[in-house]
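Below is one structure, written out as structure tokens; comments come after it.
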Amino acid sequence: MSAQISLERRVGELVAEDFRNAHVFSRFGIDFCCGGGRSLASACERAGAEPTEVLHALSQLAAEGTPDDALAKLPLGELIEHIEATHHKYIRDTAPLLLEYAQKMVRAHGEHYEEIKPLAGWIRALMDDLLPHLQKEEQILFPAIRALSQGQEFNACFGHIGNPIRAMEYEHNEAGQILAKLQQLTNHYQAPEHACTTWRVCYATLAEFEADLHRHIHLENNLLFPKALALVD
């Protein structure tokens, strides 16, 4: 077993080193997104996963060789550009579709299936959280990180860069809690046999949306933010 893999390591660190580890954690129900600060031991206990099985799966992956994670090597400005062009764009492109699907489901099935109206409400809550969140990052936090990375001064009403970073991490955690509600309502995005096409498309899109958001939050919480904080420590 690799000496780098142990139950004492933080989940987020292991994902930052090799994003393939996220797929292992997902398989065992381990939260690598908002729970990235927990030790692997604590995360296994929380997920009800057998630690030896998780360690074995991680070790097998490590034995295949660590991929060259180009994103981890990008300068901060380029990493921000990637996050904006890939994940921020994805949210803005997909949010209207999910809201439309949810409203169609309410109109067609809301009176007959009790999960539909709460589902639409939580989808709306998720987008109401995420869309302003993107603006705060793009207009406040990201310009400050870019300036720091270039050794430039910036006018900051928020004081230390850690203050807006903590605020964004808190909002990431809120999004994670909403995703947990959505998973519960949708049986982990498994459409029932009687589901219509819109219903099935909505669930499939939600599953894709969650996967992208986990990747998005990982890049910020475990790569971008620690590197930004290191510039002022």
Side-chain angles (χ1 to χ4, degrees), residues 11 15 19 22-36 38 43-50 53-54 83-138 167-221:
V11 169
V15 174
F19 191 72
H23 304 309
V24 173
F25 294 146
S26 293
R27 196 162 75 239
F28 285 96
I30 292 172
D31 178 11
F32 66 88
C33 175
C34 301
R38 295 189 183 95
C44 287
E45 181 179 2
R46 188 179 181 88
E50 175 55 49
E53 294 181 8
V54 176
I83 290 170
E84 290 179 336
T86 303
H87 301 292
H88 284 205
K89 183 179 185 301
Y90 176 82
I91 289 174
R92 289 192 171 104
D93 288 347
T94 311
L97 296 175
L98 282 170
L99 292 169
E100 178 185 345
Y101 298 152
Q103 287 308 305
K104 285 183 177 179
M105 289 167 64
V106 168
R107 290 194 296 269
H109 308 293
E111 299 304 322
H112 306 289
Y113 298 98
E114 62 182 8
E115 69 268 31
I116 298 300
K117 289 182 179 179
L119 173 68
W122 283 114
I123 290 175
R124 167 61 68 181
L126 182 62
M127 303 316 165
D128 285 348
D129 273 9
L130 286 176
L131 293 173
H133 176 87
L134 303 184
Q135 288 187 312
K136 284 182 276 188
E137 288 188 334
E138 292 170 0
M168 295 301 96
E169 289 176 333
Y170 179 83
E171 292 183 6
H172 289 167
N173 188 57
E174 286 188 322
Q177 292 174 8
I178 295 175
L179 287 174
K181 292 283 188 181
L182 289 170
Q183 284 193 18
Q184 182 180 6
L185 281 169
T186 62
N187 188 27
H188 297 276
Y189 313 118
Q190 297 298 313
E193 290 184 5
H194 58 259
C196 67
T197 300
T198 297
W199 195 330
R200 294 180 186 277
V201 170
C202 181
Y203 276 26
T205 306
L206 277 172
E208 178 189 78
F209 192 93
E210 177 174 314
D212 185 84
L213 188 58
H214 280 173
R215 173 68 167 156
H216 176 181
I217 292 175
H218 156 68
L219 290 177
E220 293 185 359
N221 282 8

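These numbers were taken from a predicted model, which means no experiment stands behind them.
Nearest heavy-atom pair, Leu185 versus Tyr203, reported as atom, atom and distance to 0.1 Å: O-OH, 4.2 Å. In plain terms, the two heavy atoms of Cys202 and Leu98 that are nearest each other are O-CD2, 3.9 Å. Thr186 approaches Leu182 most closely through the heavy-atom pair OG1-O, 2.7 Å. The shortest non-hydrogen separation linking Leu131 to Arg92 is CD2-CG, 4.2 Å. For Ala47 against Gly29, the heavy-atom pair with the smallest separation is CB-O, 3.4 Å. Here the closest non-hydrogen pair linking Met127 and Pro132 is O-CD, 4.0 Å.
Annotation: Tyr90 is not in aromatic contact with His216 [ring centroid separation under 6.0 Å not met].
Within the model, atoms CZ of Arg38 and CG of Asp31 stand 6.0 Å from one another, a figure rounded to the nearest 0.5 Å. Taken from NZ in Lys104 to NE2 in His109, the straight-line distance is 11.5 Å, to the nearest 0.5 Å. Once rounded to the nearest 0.5 Å, the distance linking NZ of Lys89 with CG of Leu134 reads 13.0 Å. Between the CG atom in Leu213 and the NE2 atom in His87 there is a gap of 9.5 Å [rounded to 0.5 Å]. Between the CD atom in Glu220 and the CD atom in Glu171 there is a gap of 10.5 Å [rounded to 0.5 Å]. The line from NZ of Lys136 to CE of Met168 is 4.5 Å long, rounded to the nearest 0.5 Å.
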(request) Apply the test side chain to side chain contact (heavy atoms under 4.5 Å, CB included) to residues Tyr101 and Ile123: give CA-CA distance (whole Å), side-chain angles for both, the deciding distance (0.1 Å), then the verdict. (result) CA-CA 10 Å; Tyr101 298 152; Ile123 290 175; over 6 Å; no

(request) Determine, stepwise, if the pair His133 / Glu174 fulfils side-chain hydrogen bond (donor to acceptor under 3.5 Å, both in side chains). (result) CA-CA 11 Å; His133 176 87; Glu174 286 188 322; over 6 Å; no

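No more than 12 heavy atoms of other residues, nucleotides or ligands sit less than 6.0 Å from atom CD of Glu45. Within 6.0 Å of CD on Glu138 lie more than 12 heavy atoms contributed by other residues, nucleotides or ligands.
A donor-acceptor pair under 3.5 Å links the side-chain atoms of Arg200 to the main chain of Glu193, judged by distance alone.
Side-chain atoms of Phe25 and Val54, non-hydrogen and from C-beta on, do get closer than 4.5 Å to each other. With contacts defined as side-chain heavy-atom distances shorter than 4.5 Å, the pair Leu179/Trp122 does not qualify. Looking at heavy atoms from C-beta onward, Asp212 lies out of side-chain contact with Glu208 at the 4.5 angstrom threshold. You'll find the side chain of His194 reaches within 4.5 Å of the side chain of Trp199, heavy atoms only.
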